2 protein chains.
Amino acid sequence: MDVKKIFEVYKEYEKKEIKLLGRVRSHRQGKVVSFIVLNDGTTLKDLQIVYKADVKGFDKIQSARVSSIIEVTGMVVLTPDKLQPFEVQATELVLLDQSIEDYPLQKKEHSPEFLREISHLRARTKTFQSIFRLRSAAAFAIHEFFQKNNYVYLTSPIITENDAEGAGESFIVTTRADNNYEEDFFGKKANLSVSGQLHAESFAQAFQSTYTFGPTFRAENSNTSRHAAEFWMIEPEIAFIDLTGNIKVIEDMLKYVINYIFENNMDELNFCDENLENGLIKKLENIKNSNFVKNTYSEAIEVLSQAVKNGHKFEENDIKFGMDLGSEHEKYICEVVNKCPTFLINYPKEIKAFYMKQNDDGKTVAAVDLLVPGIGELVGGSQREDNYDLLMKRCKEMNINTEELKWYLDLRKFGYFKSAGFGLGFERLVMYITGASNIRDVLPFPRTPKNLLF
Amino acid sequence: MDVKKIFEVYKEYEKKEIKLLGRVRSHRQGKVVSFIVLNDGTTLKDLQIVYKADVKGFDKIQSARVSSIIEVTGMVVLTPDKLQPFEVQATELVLLDQSIEDYPLQKKEHSPEFLREISHLRARTKTFQSIFRLRSAAAFAIHEFFQKNNYVYLTSPIITENDAEGAGESFIVTTRADNNYEEDFFGKKANLSVSGQLHAESFAQAFQSTYTFGPTFRAENSNTSRHAAEFWMIEPEIAFIDLTGNIKVIEDMLKYVINYIFENNMDELNFCDENLENGLIKKLENIKNSNFVKNTYSEAIEVLSQAVKNGHKFEENDIKFGMDLGSEHEKYICEVVNKCPTFLINYPKEIKAFYMKQNDDGKTVAAVDLLVPGIGELVGGSQREDNYDLLMKRCKEMNINTEELKWYLDLRKFGYFKSAGFGLGFERLVMYITGASNIRDVLPFPRTPKNLLF
C-alpha cells in the first residue's frame, strides 16, 4: 500500500490494518502521544501517524530523525474533526534507515538559491514535488496530445553540424583539447543542437504530422531568470497546413495540456496557487475557456503607438514598424489591451528567420508568436517558405551557408506543398503552469553560465 | 480527410465524393486508364487513384512525377475483387507541387547504405515509415506505462561534470578552441552525459518511482551495427524495492510496449515481418506470452561449462566464474538452453559498476541483465548499494572520484532504504521490435565515428 492509494480508499480501510514505508517529514514527541508526518513520494499528501508508548518498536522509533525511512503498521482511523480526514494509529514502527543529524532540509524555510545548491535533495520539498510532478504530467500530456492526433514522435539529433538558424551561440562537441576538428571524432566541427526544426521538416514530408521533444542548447552568457544553457523544446511540424492551421494546433495543444493537469494534478496546482502564484488556477482556467485573439504585427504597432500618444511610457518608447517587440510591449498587448492569450502574426521579415514564408506584401513573413498574460511569448512558429528560389534568395540576403543546409533546402525540390510548425520552450510552459518565476526552479538540474553542479 | 481515415470509413463512403492531398508514390499511364499510388504519411497504406482522359486537370496531371504533391477529388468505389479493398475514381486532379526528375527515391530497391546518405528522405520509404512509426509508438508506450504507474518523468541533465560510472569515453562540451576549461562557459570541464541514473536515484528518493527518457552519448570509436555515438536511454529508478521488484518492472514494461504496438501498429509489424525479419510477429508474441526465466550468473557458467564439455565451441571457450559473458554466451543461454527471455542475476562484482549492491557472499552484486533471443542483452540493471561505508570502500577499490560524486554518495546519509533500477537502450528495443539489424536504421539521423551528416 502506498500513501496515494490510502488517500483514495481510506474510508474502506476504516479500523483496518495497513502497512507502508515512507520518509519522516517531521516528528513531534509528546508526553502521551507522538506524531510523525510521513511522505512516501507517491503523492504530495502527507500521512499523519500517531503513536503512544505501547507501540511495538517504541524505543528505536523515538530516535527517528527527519528524513529517516520507517515502516508503519497501524490502523486507519477517520478524523472528521481534524484537518486531515484520517490518521494512522501505529501498532508497530520500524526504523529502517536513520538520517544523519544535519540533514540539510530541516523544517524551516529555505531560499530558492540555497535549494538550487542542493538540487539532489530539493525535489523532496513540497514546492519541488509540485513543480516536478507537474512537469512530468505536462510532458506526458504533450506526448498524448500528439499521439492521439497521429503525429510521429521524432528524436532529432543532439549533435549536429549546423546551427539551425543562427539562433544563438552553440556549444562545441569534441574529444580533443585543441580545435583540429578534422582529426576529431566526427572528422569535422560538431555542435550541440539549438533546434530540431529542420530535421522535423524532413520528417513532416514523410509522415505529414511530426513532433520533436528533446533537449536544446544555447551557449549564451545570459544570467536571467528565463534563460538556461540546456532546456527542452517541443517542435511540431505539419505538412499541408498554413499559418491558420498552425495556430489551431498551438491553441488545441495548450488547452489539452491545461485540461490534463486539471484532471490529474489538482493537489499540485492548489499548492502552487497558494505558494508560488496567487491566482494561478484562475489564470489557467481563463486559458482553457478563452478564445485566443489574433492580431497582426502591424495592428500591434498601431495599438502601441496609440498607447504612447495617450501617455503610456515604455522603456523602448520609439514604436515603429520593423522594431523587435520587447517583453513590455508583448505584455501590454495581451494583458492590458486584449486581456487574453494573443497570436501575433505577420512579422517584418527582417526580424525573423530565413525559412519563414514570405507574404505577398514583400515586407512580412507568415510568422506567429503566442503571447500570454503574465509571461509574454510562449510559442513561436511560422509557415515555411516552400518556394525554392525565394528561399535561396533569402538565405543569400541573410548570409546563411546554403552548402551546409543543402539537404534542407533541397526538400523543396521533391514535392513540397506547405508546411508549418512551431517551437514551445518546455520550461517556459512549466513556469507558466506552476507559477515558478525562475527557470532554474523548473529544471531538475539547471545549467547556466559558470554553474555546473551534479 | 486523410488516407488513414479513408481506410477506416471507406465503406460508408461508397460512391461518395472525397477530397485529399498526398504524395505520388508511383504513376502509371495507360491508354485508357491511368493509376496513381498516393501516400499522405498518415498511414503506411497507399491509396489507389484511377483516372481517365475526362478527369478535370488531365493535361497537367499527366506530367506528375514520383514524389509530387497532388490534390485528388473523386469517388470511393469498392473493389472486392482486387488487392486493395477500394479505389478512388478521380473527377479532378490538381498538381500542387511538381518534383524534379532526378528524385533520389525512385521505385527501384535501394541499399541501406545509400539510404543512410539521404536520411532526410528515407523516412518516406515503407521500410522507414514502419520503423520510425514503431519507434514513435514504442516511445509513447514507455511513457504511458510509467505514467499509469505513477512514475515521475525526470529529464536528467545532458551536460554534466561527471561521467557516471566510467561507462565509456565522454564527449567534451566547450565553447573554447583550447582546453582552458577554467575560462570555459561553465568554469570547468563539461561532458555529455553517458547515463542519467545517478540523477534519477536522487529523484527516486523524492518520488519513489521515477524514470528518465533522454539522449546519452559515447565517444567510442566502434563501428559496429549496434553502437552509435548518440542514442536514447530509458532509466527507471524505484525506491523501496529490491532486485526482485526491479525484475518485475522490466518484464511488465516490455510486455506493455509489445502489447501496445500489437494494438496500434499491426500494419507496420506486418511490413517488418515480411521485409526485415521473418517471424518477427511470432517472436514478439512469444515474449508477450512467456514467463521470463531467472538464472544466476553462476548457473549460467555451469551450463556453459557443460556445453563446452559436450563439445560446443564458443569463440571464447574458456568458461569460468568471473568472466564477462559475450554475446555468443548470452545467446546460447536464452536461445539454445532456455528458449525464452532470461534474467541473469548476481554477477561477479569485478565486472559490474561500483554502485551495485554487494551480496552477502562477498563475491557477487545484485545485478540483472535481461537476455532475449535474437539480440542478447536488452536491459541491464541492479539494486543499488545502500550502505554508505560499503559504497565508499568499493569506490576506492575501483578508483572512483568520490569528491566529484559526493552529492550522489551522500544520498545514503539522509535516509535511504533500498533502491533499484535499470537502463534500457531505446534503439536496441526498436531494433528488437522492428527486426532492423543496424542501429543506424532505427535512429532518424544516426551519429557514428567520422559520420555527421544533416
Side-chain angles (χ1 to χ4, degrees), chain A residues 4 21 23 40-42 67-69 96-97 99-100 103 120 123-124 132-133 136 139-140 143 147 150 152-155 157-159 161 171-175 177-179 185-188 190 199 202-203 206-208 215 219 230 232 240 407 413-417 444-445 447 449-450 452 454, chain B residues 21 23 40-42 67-69 96-97 99-100 103 120 123-124 129 132-133 136 139-140 143 147 150 152-155 157-159 161 171-175 177-179 185-188 190 199 202-203 206-208 215 219 230 232 240 407 413-417 444-445 447 449-450 452 454:
Chain A
K4 182 169 193 268
L21 300 187
R23 187 181 302 277
D40 73 350
T42 60
S67 193
S68 298
I69 307 293
L96 293 172
D97 197 51
S99 174
I100 61 169
Y103 176 58
H120 61 312
R124 302 176 185 187
F132 291 130
R133 196 176 282 280
S136 171
F140 183 66
H143 278 294
Q147 297 274 344
N150 199 32
V152 167
Y153 173 47
L154 150 78
T155 56
I158 312 300
I159 303 174
E161 65 168 330
F171 287 102
I172 298 160
V173 177
T174 182
T175 56
D178 60 25
N179 62 356
F185 188 88
F186 294 109
K188 60 173 91 163
H199 300 91
S202 81
F203 263 55
F207 293 107
Q208 199 171 132
E230 174 181 323
W232 286 62
F240 305 161
W407 66 272
K413 294 183 181 170
F414 311 131
Y416 186 106
F417 178 73
F445 296 89
R447 273 73 178 96
K450 302 293 173 201
L452 182 65
F454 312 104
Chain B
L21 299 187
R23 187 180 301 277
D40 73 350
T42 60
S67 194
S68 298
I69 307 294
L96 293 172
D97 197 50
S99 175
I100 61 168
Y103 176 60
H120 60 313
R124 301 175 185 187
Q129 280 202 323
F132 291 129
R133 196 176 284 279
S136 170
F140 183 66
H143 279 294
Q147 295 275 343
N150 200 32
V152 167
Y153 172 48
L154 152 76
T155 57
I158 312 301
I159 303 174
E161 64 168 330
F171 287 102
I172 299 159
V173 177
T174 182
T175 54
D178 60 27
N179 61 355
F185 187 89
F186 293 109
K188 58 172 91 162
H199 300 90
S202 81
F203 263 56
F207 294 108
Q208 198 170 134
E230 174 180 322
W232 286 63
F240 306 159
W407 66 272
K413 294 183 183 172
F414 312 130
Y416 186 105
F417 178 74
F445 296 88
R447 272 74 178 95
K450 301 295 171 200
L452 182 65
F454 312 104

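A, B, ... follow the sequence lines: proteins, then strands. Residue 1 opens every chain. For clarity, every value in this text was computed on a predicted model and none was experimentally measured.
- Taking the side chain as every heavy atom from C-beta outward, B:Phe240 and A:Ile69 approach each other to under 4.5 Å.
- The shortest heavy-atom contact between A:Phe186 and B:Arg447 is CE2-CB, 3.9 Å.
- Ring geometry for B:Trp407 against A:Phe454 counts as perpendicular: the plane angle is over 60°, on a 0 to 90° scale with 30° as the lower cut.
- Across all non-hydrogen atoms, the minimal contact from B:Phe185 to A:Ala219 is CE1-C, 3.4 Å.
- Annotation: maximal heavy-atom pairing with chain A below 4.5 Å, among B:Phe207, B:Tyr153, B:Tyr416, B:Tyr103, occurs at B:Phe207.
- Between chain B and the residues A:Gly187, A:Ala123, A:Ala177, A:Pro215, the largest count of heavy-atom pairs under 4.5 Å involves A:Ala177.
- Counting heavy-atom pairs closer than 4.5 Å to chain A, the top residue among B:Ala190, B:Pro449, B:Ser202, B:Ser136 is B:Ser136.
- Aromatic rings of A:Phe132 and B:Phe203 (six-membered ring for Trp) have centroids within the 6.0 Å cut-off, being under it.
- For the atom pair CD of B:Gln208 and CZ of A:Arg23, the computed distance is 10.0 Å after rounding to the nearest 0.5 Å.
- Taking CZ of A:Phe171 as the reference point, atom OG1 of B:Thr174 lies at 9.0 Å (rounded to 0.5 Å).
- Taking CD from A:Glu230 and CD1 from B:Ile158, the interatomic distance works out to 5.0 Å, rounded to the nearest 0.5 Å.
- For A:Ile159 against B:Leu452, the heavy-atom pair with the smallest separation is O-CD1, 3.7 Å.
- Of all the listed residues (B:Ala139, B:Pro157, B:Pro444, B:Ser68), the one sharing the greatest number of non-hydrogen pairs under 4.5 Å with chain A is B:Pro157.
- Considering every non-hydrogen atom in both A:Asn150 and B:Thr42, the closest pair reads ND2-O, 2.9 Å.
- The contact between A:Lys188 and chain B is made entirely by side chain atoms (from C-beta outward), counting heavy-atom distances below 4.5 Å.
- Atom CG of A:Leu154 sits about 6.5 Å away from atom CZ of B:Phe445, to the nearest 0.5 Å.
- The choice from B:Ala206, B:Gly41, B:Gly415 that makes the most heavy-atom pairs within less than 4.5 Å of chain A is B:Gly415.
- In this structure, CG on A:Asp178 lies 9.5 Å from CG on B:Asp178, to the nearest 0.5 angstrom.
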